[in-house]
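Just below is one structure, and these are the notes that go with it.
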Amino acid sequence: MKSIADLEKIRQKTLSAVNLRRESEGTRIVVGMATCGIAAGARPVMNAFIDEIGKRNMLNVVVAQTGCIGMCRYEPIVEVTLPGQEKVTYVHVKPEMVARIVSEHVVNGNPVVEYTIGAAEK
Amino acid sequence: MDLFRSTILVCGGTGCTSSGSPKLYERFAQLLAEKGLDKEVKLVKTGCFGLCAAGPVVIVYPEGAFYSGIKVEDVDEIVEEHLVKGRIVTKLLYKGSTHEGTTEIKPLDEIGFYEKQKRVALRNCGVIDPENIDEYIAFDGYKALAKVLTEMTREEVVDCISKSGLRGRGGAGFPTGTKWKFAMGSTGKKYVCCNADEGDPGAFMDRSVLEGDPHAVLEAMAIAGYAIGSDQGYIYVRAEYPIAVKRLEIAISQAREYGLLGKNIFGTDFSFDIDIRLGAGAFVCGEETALMHSIEGGRGEPRVRPPFPAVKGLFGKPTILNNVETYANICQIILKGADWFASMGTERSKGTKVFALGGKIVNSGLVEVPMGTTLREIIYDIGGGCPNGKKFKAVQTGGPSGGCLPASMLDTPIDYDNLIAAGSMMGSGGMIVMDEDNCMVDIARFFLDFTVSESCGKCTPCRIGTRRMLEILNRICEGNGEDGDIERLENLAANISKSALCALGQTAPNPVLSTLKHFRHEYEAHIYEKRCPAGVCHKLLNFEIDPAKCKGCTLCARNCPVGAISGKVREAHVIDAKKCIKCGACMEKCKFGAISKK
């Protein structure tokens with residue numbers, strides 16, 4: 001290491017690994033991972049979110065899991081909460097939908113309406 | 001970039017290691033691999049979380065679930081429920097870590113034990129993996145060194161430390177900035193030393209810093225090296241701290257690999273390296289001149305000061321020697337500024353202090369609080385008070401050099417000067433709590449016994465004087481105390497304090513003096529009434545059998561080594577006080593609680 005820039009590089013590279021331990025007020029992506037969710041394919045969905053967030057190096061986003069919220073027929077369910085905004089619930093999420101949710105909603109703040117529970121119930 | 005959805009922190013401090021955390025770590029690693037979770041869940045072994053009494057401790061993020069007292073069997077449940085299904089295992093959570101009546105998890109700093117704490121020296125302990133330099137860097141590690149080397153002059157660094165008001169955390173409380181300034185003024189080869197020879201019974205602050213955040217010490221030593229103009233550091237650490245030594249070795253080799261120790265750090269002309277020297281376990285080697293003799297390969301004996309180490313220290317060269325915890329504060333002061341540090345604490349004692357809570361206390365462990373916090377807050381609000389509803393009697397601070405403070409002084413705000421005024425001292429930060437079952441004469445005897453065996457023998461007052469004091473204390477505890485013993489103790493104490501060569505001898509009488517000051521009646525009861533009010537000193541006790549409770553089972557009589565108990569089967573037994581040697585075997589064996597000591 002010859003410069004402070006090198007130090008900063010290591011810091012940035014490692015931040016992602018320690019990010020969960022830091023206090024963060026950022027975006028939360030919560031994947032339903034109870035038996036129903038897992039059976040419906042929540043794990044590949046969650047991994048797709050982790051990959052996508054990792055690729056974009058978004059340190060203020062936490063991908064977490066939760067239990068069953070009682071709407072098993074809609075699993076896999078993913079809730080996305082941006083700071084200061086209402087929670088948006090996506091249902092029947094598939095891995096191929098993840099990239100769009102991240103780019104349109106998480107990055108640009110426009111929920112993908114057609115994937116949400118509101119659209120599914122119509 | 002590797003991203004994880006969850007992080008499991010397993011405490012790898014000494015306390016949790018002895019209560020079984022390495023097995024938990026292995027089991028987690030095995031189960032995560034079996035279930036294919038190892039790519040999405042990160043497993044980290046950290047330093048001490050502080051709550052050693054509730055160990056082994058495991059924290060799972062992002063929820064911040066604080067699991068305590070975890071057994072290997074519990075790991076399976078945590079993995080299956082929490083990590084696979086996303087359901088927190090509420091029954092394994094630390095009591096008080098959720099909002100009352102709910103399963104909603106409180107942030108760590110709202111849990112009773114942590115609420116009043118302010119972690120500066122311990123900021124990374126229990127948060128980062130101490131064996132991974134990248135994690136330290138991610139938490140702003142080596143940023144202070146970079147700042148110092150590229151933006152600050154040597155004078156500015158010393159000035160910043162002076163302004164912060166930081167005082168030595170090893171016990172004496174000498175202003176760190178002043179010490180650095182002395183050394184900065186001299187020329188030629190100089191050394192930076194770290195005192196990690198933590199020897200006070202019951203103290204484990206430095207151990208936890210070294211185990212949980214070794215790079216913080218290395219970085220601070222390099223900063224000190226830049227400030228005073230030294231290129232070589234030594235860490236003198238006890239060989240009895242194997243985990244700390246191992247993590248220091250790993251940290252030093254990682255720092256060298258990254259070029260954060262060695263030649264031309266950050267491309268500047270500043271070079272600095274650090275070596276470890278192991279102490280062989282002599283208490284006196286925590287004294288600065290003895291420590292340096294020991295590093296040089298000589299016998300660990302102190303010498304007369306002056307010359308002070310800042311003028312003539314290691315290998316006869318100007319040297320600064322600071323304690324581990326002092327160093328642990330340095331980087332934060334550089335990064336956040338002297339004013340930030342000086343905003344915490346009291347007028348003459350700034351910042352925070354780490355205390356090792358032990359003895360008769362519910363939450364034994366490690367706590368860090370701002371200076372000026374009262375003893376009551378530490379012992380009751382953080383420590384949870386004495387267990388089993390026993391009454392608090394005294395708290396011992398400062399180890400063998402400190403003193404015992406009674407309940408009436410619980411509201412004393414802790415700082416260097418208040419503790420000295422109260423007849424004790426800050427010391428390195430050991431805090432041993434005593435309840436009504438502790439005999440204060442016996443406590444004084446315990447500490448003096450420690451100093452007598454740890455006296456290096458170089459000067460007469462310490463070698464012979466402390467031994468004479470111990471003989472008097474032994475006599476008092478055995479019921480042979482004489483009129484005039486208290487005065488003899490006081491006289492000896494005053495002379496030893498004045499004439500001993502180093503701090504070990506000068507402060508050795510403190511436990512006796514402080515107990516004499518606050519608990520003189522206990523000494524008098526031992527000497528004049530031949531009784532021990534707390535029921536500790538066996539020779540002064542009388543064992544009696546309550547005829548109403550005795551069933552005549554003969555168990556006590558059969559176990560009495562001197563045949564002092566007599567009685568017929570199914571009839572109440574009696575103890576012959578003349579024959580009784582007060583060993584307590586009968587009381588231990590009695591199944592009916594019929595035997596009492598008075």
Side-chain angles (χ1 to χ4, degrees), chain A residues 1-39 42-59 61-69 75-77 79, chain B residues 1-9 35-37 39-42 44 46 59-64 81-88 107-109 124 126-129 132-143 145-147 149-151 255 257-262 264-268:
Chain A
M1 184 178 313
K2 278 291 155 238
S3 70
I4 295 171
D6 295 340
L7 185 73
E8 188 56 24
K9 245 181 258 163
I10 297 174
R11 199 176 85 88
Q12 287 298 340
K13 188 190 83 193
T14 322
L15 264 181
S16 59
V18 300
N19 200 32
L20 293 179
R21 281 168 262 170
R22 297 160 65 94
E23 282 172 29
S24 146
E25 296 293 316
T27 302
R28 284 178 70 83
I29 300 174
V30 181
V31 184
M33 293 276 282
T35 308
C36 50
I38 294 171
R43 185 166 298 286
V45 170
M46 184 188 61
N47 288 334
F49 271 109
I50 290 175
D51 282 347
E52 193 64 29
I53 299 298
K55 264 186 236 158
R56 291 166 178 267
N57 205 2
M58 299 175 72
L59 293 174
V61 178
V62 169
V63 180
Q65 58 171 356
T66 188
C68 174
I69 55 169
E75 293 286 357
I77 298 176
E79 298 171 342
Chain B
M1 180 175 90
D2 296 331
L3 197 77
F4 296 92
R5 67 163 167 96
S6 188
T7 304
I8 307 171
L9 303 182
K35 304 212 177 266
L37 295 172
K39 290 281 179 293
E40 53 189 82
V41 178
K42 188 174 171 67
V44 180
T46 69
I59 300 185
V60 181
Y61 282 98
E63 295 87 352
E81 284 293 308
H82 189 151
L83 297 169
V84 175
K85 295 181 186 158
R87 290 193 291 237
I88 291 166
L108 210 56
D109 53 8
N124 284 336
V127 179
I128 65 165
D129 177 352
N132 184 344
I133 188 171
D134 289 354
E135 292 209 355
Y136 177 68
I137 292 174
F139 282 85
D140 296 336
Y142 290 103
K143 214 170 161 179
L145 179 62
K147 181 177 172 185
L149 293 185
T150 55
E151 295 171 23
E257 203 178 300
Y258 272 16
L260 294 165
L261 285 178
N264 302 103
I265 299 170
F266 287 120
T268 64

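Just so we're on the same page: letters track the sequence lines, and every chain starts at 1.
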> What residue in B:Glu63, B:Lys42, B:Arg87 has the most heavy-atom pairs under 4.5 Å with chain A?
Replying inline: B:Lys42
> At a heavy-atom separation under 4.5 Å, does A:Asp6 approach chain B through its side chain, its backbone, both, or neither?
Replying inline: neither
> side chain to side chain donor-acceptor pair (under 3.5 Å) with A:Arg28: which residues, sequence neighbours excluded?
Replying inline: none
>> I need the B:Tyr136 OH to A:Ile10 CD1 distance, nearest 0.5 Å.
In response: 13.5 Å
>> Taking B:Asp129's backbone N and O only, do any of them form a donor-acceptor pair with B:Glu135's side chain (distance below 3.5 Å, no angle check)?
In response: yes
> Taking B:Ser6 for the side chain and B:Tyr61 for the main chain, is one N or O donor matched with an acceptor at less than 3.5 Å?
Replying inline: yes
> Where on A:Ile50 is there a heavy atom nearer than 4.5 Å to chain B: the side chain, the backbone, both, or neither?
Replying inline: both
>> Taking side chain as everything from C-beta outward and backbone as N, CA, C, O, which of these in B:Asn132 sits under 4.5 Å from a heavy atom of chain A? Side chain, backbone, both or neither.
In response: neither
> How many angstroms lie between atom CD1 of A:Ile38 and atom CD of A:Gln65, to the nearest 0.5 angstrom?
Replying inline: 7.5 Å
> Looking at A:Ile29, A:Val63, A:Leu7, which has the largest count of heavy-atom pairs under 4.5 Å with chain B?
Replying inline: A:Leu7
> Quick one: of B:Val84, B:Leu83, B:Leu260, who has the most non-hydrogen atom pairs under 4.5 Å with chain A?
Replying inline: B:Val84
>> With a 4.5 angstrom heavy-atom cut-off, is it the side chain or the backbone of B:Thr268 that approaches chain A, or both, or neither?
In response: neither
>> Does any backbone or side-chain atom of B:Leu9 lie under 4.5 Å from a heavy atom of chain A? Answer side chain, backbone, both or neither.
In response: side chain
>> According to side chain to side chain donor-acceptor pair (under 3.5 Å), who are the partners of A:Glu52, at least two apart in sequence or on a separate chain?
In response: A:Arg56
